[in-house]
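Below is one structure, written out as structure tokens, with a few remarks after it.
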Amino acid sequence: MKKEDIKKLAKNKDFISGIYNYCDRWCERCPFTSRCMNYAMSREYTTDPEASDIDNEKFWQNLSEIFKVTREMLEESAEELGIDIDSIDFEAASQEESIKDKIVENHECCRAAKKYGEMVSELMESEYIPTLRVVGQQERKNTVELKSVDSLIGPAAIEEVVEIIHWYQHFIYIKLMRSVHGTLGNTEDLLEDYPKDSDGSAKVALIAIDRSMAAWTHMHNYFPNLQAQILAILAQLDGLRKRVETIFPEARNFIRPGFDEISSDVS
Ligand code: SF4
């Protein structure tokens with residue numbers, strides 16, 4: 001995709017600005033695909049099987065093209081803002097980022113989210129859950145119509161429940177890393193009148209936690225022999241949820257573009 005094509009796409013008024021910043025990246029289940037510029041751009045590559053195959057040269061050509069276009073657009077924006085990219089001390093910036101990364105990794109929310117991911121792996125590797133997952137995915141591909149995640153809060157098929165757990169297993173950690181990272185440095189203080197990105201990311205993590213807890217509650221009923229392990233996982237998630245709500249008290253109030261503004265019955 002050329003720079004001009006991206007700029008043309010960006011002018012499309014049907015797209016909701018920034019909607020992809022606070023979604024769960026589950027495009028397959030998203031009711032806003034037609035309103036998302038990120039989705040439109042990714043379609044450009046994923047509709048071509050060669051372009052989405054990591055072993056195919058076309059995949060790497062496209063990736064290199066994306067980097068080139070991104071670099072060009074970055075340079076253009078910097079010029080408009082009067083920033084000289086060459087004067088930036090990248091070594092100092094990189095050192096600062098490494099320090100921030102360590103702080104983020106050691107943050108209580110991130111550690112708890114990482115531990116949750118590990119607990120899920122451990123349980124899913126136990127005897128018959130993986131078998132069920134594979135069978136479930138095969139069945140879903142053939143027979144089950146995809147639904148939005150929230151519609152699964154009621155009675156749900158086991159394969160859907162396992163799929164939800166897997167989708168959010170590491171997503172919660174990643175979103176909380178971004179959230180905590182956003183609180184370091186002074187960018188958010190400078191933009192104090194604007195909604196905070198850290199709250200937006202924390203809200204998405206909270207939604208993922210809520211959905212995962214609902215899924216684990218189903219699992220609790222499906223696997224009576226694994227109740228102790230499942231209860232431990234639910235306790236871990238519940239503790240994490242409370243920590244996030246305490247540390248990011250405004251997160252639940254954050255208005256996500258599109259998702260919290262428009263009824264999701266658009267699909
Ligand atoms: S907003 Fe929806 S379509 Fe766009 S990236 Fe997120 S999940 Fe995918």
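In listed order, ligands and their atoms are each counted from 1. Below, each value reflects all heavy atoms present in this structure, side chains not excepted, and no hydrogens, waters or symmetry copies.
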Please tabulate, for the side chains in residues 93-104, all donor-acceptor contacts under 3.5 angstrom to protein atoms that are two or more places apart in sequence or on a different chain.
| residue | atom | partner | partner atom | Å |
| --- | --- | --- | --- | --- |
| E97 | OE1 | H181 | NE2 | 2.9 |
| S98 | OG | S94 | O | 3.0 |

Could you list the donor-acceptor pairs under 3.5 angstrom formed by side chains in residues 9-18, with sequence neighbours left out?
| residue | atom | partner | partner atom | Å |
| --- | --- | --- | --- | --- |
| N12 | OD1 | D14 | N | 2.8 |

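For K242, the salt bridge (Lys or Arg N to Asp or Glu O under 4.0 Å) partners at least two apart in sequence or on another chain are D238.
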| request: Begin from the C-alpha positions of R243 and E108 and carry the test salt bridge (charged side-chain N to carboxylate O under 4.0 Å, His left out) through to its verdict. | output: CA-CA 8 Å; R243 276 191 189 111; E108 58 178 302; 3.2 Å; yes

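Residue W26 has at least one heavy-atom neighbour below 4.0 Å for each of these atoms of ligand 1: 7 (S).
By the criterion of a separation under 2.8 Å, the protein N/O/S atoms near atom 4 (Fe) of ligand 1 amount to C36 SG.
Using modelled atom types, no side-chain atom of R256 and backbone atom of N21 make a donor-acceptor pair closer than 3.5 Å.
In plain terms, the two heavy atoms of F254 and K196 that are nearest each other are CE1-O, 3.3 Å.
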